[in-house]
Amino acid sequence: MQVGIDKIGFFTPNKYVDMVDLAHARNQDPNKFLIGIGQSEMSVADQTQDAVSMGINATLRYLDRIDKDKVGLLVLGTESGIDQSKSASLFVKTALKLKPEVRTFEVKEACFGLTVALMVARDFVRVHPEQTAIVIGSDIARYGVKTRGEVTQGAGSISMLVKATPSILALNNGHSAYSEDINDFWRPNDSRVALVDGKYSTQIYLDFFKKTFADYKKQKDLATKDFAAIIYHLPFTKMGLKANRIAVADQDETNTKKLQSSFESSKLLSNRVGNIYTASLYLSLLSLLENGNLSAGSLVGLFSYGSGAMAEFYSGKLVAGYEQELDRAADEKMLNRRQKLSIPEYEHIFNEALTDPADGQELTSDDEVGTWYFAGLRDHIRQYKKII
Ligand code: COA
């Protein structure tokens with residue numbers, strides 16, 4: 001029985017910063033950000049968007065096209081958690097009006113969170129083929145104003161429905177995983193911004209890619225040329241470019257061009273959204289499907305990396321008719337609805353979002369009607385509302 005991704009929903013907040021503006025404000029050559037880092041824009045979450053609200057909004061992109069009663073599992077991966085105990089997925093479950101019998105929880109291993117949620121969902125559906133699962137990755141990448149990581153921030157969410165006989169990507173059996181207890185990136189409990197050793201993280205990411213890609217090919221008796229595309233976790237698109245260069249290093253011109261072209265298609269959304277941690281790899285998948293030209297049956301390799309560090313390479317096959325499940329125009333509209341912030345506006349919004357509002361203070365959102373948002377705390381309980 002084939003199990004895999006049946007629906008994909010994407011959400012990003014309604015504000016962004018242009019990297020050329022940021023480069024000028026930080027006295028940097030714009031080409032360092034545009035080419036050296038590979039980012040042209042980054043979405044900015046104000047105080048009203050968090051892991052919960054973005055996860056709700058991403059799932060609403062496809063919720064009216066699924067049978068809600070069949071959803072038996074809801075897993076949310078995030079490293080932008082809103083509570084130390086209660087799962088963010090419970091707030092999401094309530095907003096989506098899923099049945100109380102659903103099994104739901106939150107998972108964490110840095111940017112690996114959505115991949116592990118997907119694997120849990122795949123195994124769940126294999127055991128319960130009549131049920132489906134929703135998996136969500138939802139994150140705000142924050143390093144801080146005027147830090148070196150500032151250019152690699154972003155915000156957004158990807159939600160996917162996992163199902164037997166899927167319509168988009170059938171997941172293949174097997175995977176190659178690799179982990180080591182290292183300190184390349186982490187976020188202490190008392191901090192809303194991450195601490196990172198960016199150069200070290202890049203080196204580990206590339207080492208883990210080499211290991212897991214080689215192990216996977218050996219395990220499955222595959223060659224690099226068998227992949228129509230390889231996609232990557234993209235904390236910034238240059239990182240994936242470096243990994244893709246490793247992938248094609250020993251390939252002939254035809255294969256090199258094929259994998260370079262698919263990588264270019266896969267990075268377009270991340271280039272405008274920025275880092276969305278757990279969901280970044282799946283934003284690459286969405287971007288590849290919407291902008292590439294892959295035929296049914298194409299083999300897609302996926303490299304997932306979470307700092308700390310845990311990596312996994314696995315693959316899936318595109319299902320005939322997958323294009324019908326996509327809505328490129330709506331995703332484009334979502335990006336284009338964003339309001340461009342001046343750098344002082346961005347700095348103000350960013351710093352304001354580093355703390356929660358005072359208990360009892362009601363927040364309002366300036367996003368579109370139908371969007372869910374964090375409306376503030378009442379008796380220290382987070383309130384989520386829909387704009388009507
Ligand atoms: N034109 C084109 N490229 C330029 C340039 C210019 N004018 N100026 C610099 N560059 C290139 C550099 O050569 C370098 O390329 P390379 O990576 O291929 O060597 C790149 O731009 C970045 O420059 P660098 O000086 O290394 O940038 P930095 O010291 O400001 O740090 C990061 C960049 C990515 C390390 C930093 O932003 C960071 O730590 N981000 C967080 C990363 C992260 O999230 N990691 C964990 C998740 S996996």
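Counting convention: from 1, in listed order, for ligands and their atoms alike. A quick note: this is a predicted structure, and the numbers were derived from the prediction, not measured. Numbering starts at 1 and runs along the sequence shown.
- Considering each of H233, Q28, K32, K238, the one bringing a non-hydrogen atom nearest atom 30 (O) of ligand 1 is K32.
- Atom numbering of ligand 1 starts at 1 in the shown order; those under 4.0 Å from a heavy atom of V196 are 43 (C), 45 (N).
- What you find for G308 and D184 is that their closest heavy atoms are N-OD1, 2.9 Å.
- Counting heavy atoms only, P235 comes closest to atom 48 (S) of ligand 1 of the residues C111, P235, A23.
- The option with the heavy atom closest to atom 29 (O) of ligand 1, from among Q39, R148, E150, is R148.
- Hydrophobic cluster of V127: no remaining members, since no ILVMFWY side chain lies below 4.5 Å from it.
- Among protein heavy atoms, the minimum distance from atom 3 (N) of ligand 1 is reached at G36 CA, 3.5 Å.
- By the 3.5 Å distance cut-off applied to N or O atoms, Y305 is not counted among the residues near ligand 1.
- Other residues, nucleotides and ligands contribute more than 12 heavy atoms inside 6.0 Å of the NZ atom of K211.
- Each of the atoms 48 (S) of ligand 1 lies under 4.0 Å from some heavy atom of M239.
- One hydrophobic cluster holds both V300 and V3 under the rule that ILVMFWY side chains link at heavy-atom gaps under 4.5 Å.
- Summarising the local packing, CZ of R126 is surrounded by more than 12 heavy atoms from other residues, nucleotides or ligands at distances under 6.0 Å.
- Note on ring orientation: taking the six-membered ring where Trp is involved, the planes of F208 and Y178 are perpendicular (angle over 60°, cut-offs 30° and 60°).
- On a distance-only criterion, K242 and ligand 1 share at least one N/O pair closer than 3.5 Å.
- Aromatic rings from Y205 and F303 are positioned such that their centres are separated by under 6.0 Å.
- Ranked by closest heavy atom to atom 44 (O) of ligand 1, the top entry among F185, Y143, Y200, F33 is Y143.
- Every atom of ligand 1 is numbered from 1 in the order shown, and the set under 4.0 Å from a heavy atom of I37 is 22 (C), 33 (C), 34 (C).
- Screening E41, E332, E368 for a salt bridge (Lys or Arg N to Asp or Glu O under 4.0 Å) involving R338 leaves a single residue, E41.
- Using a 4.0 Å cut-off to heavy atoms of D29, the atoms of ligand 1 that qualify are 7 (N).
- Against a heavy-atom cut-off of under 4.0 Å, G198 is close to the following atoms of ligand 1: 35 (C), 39 (O).
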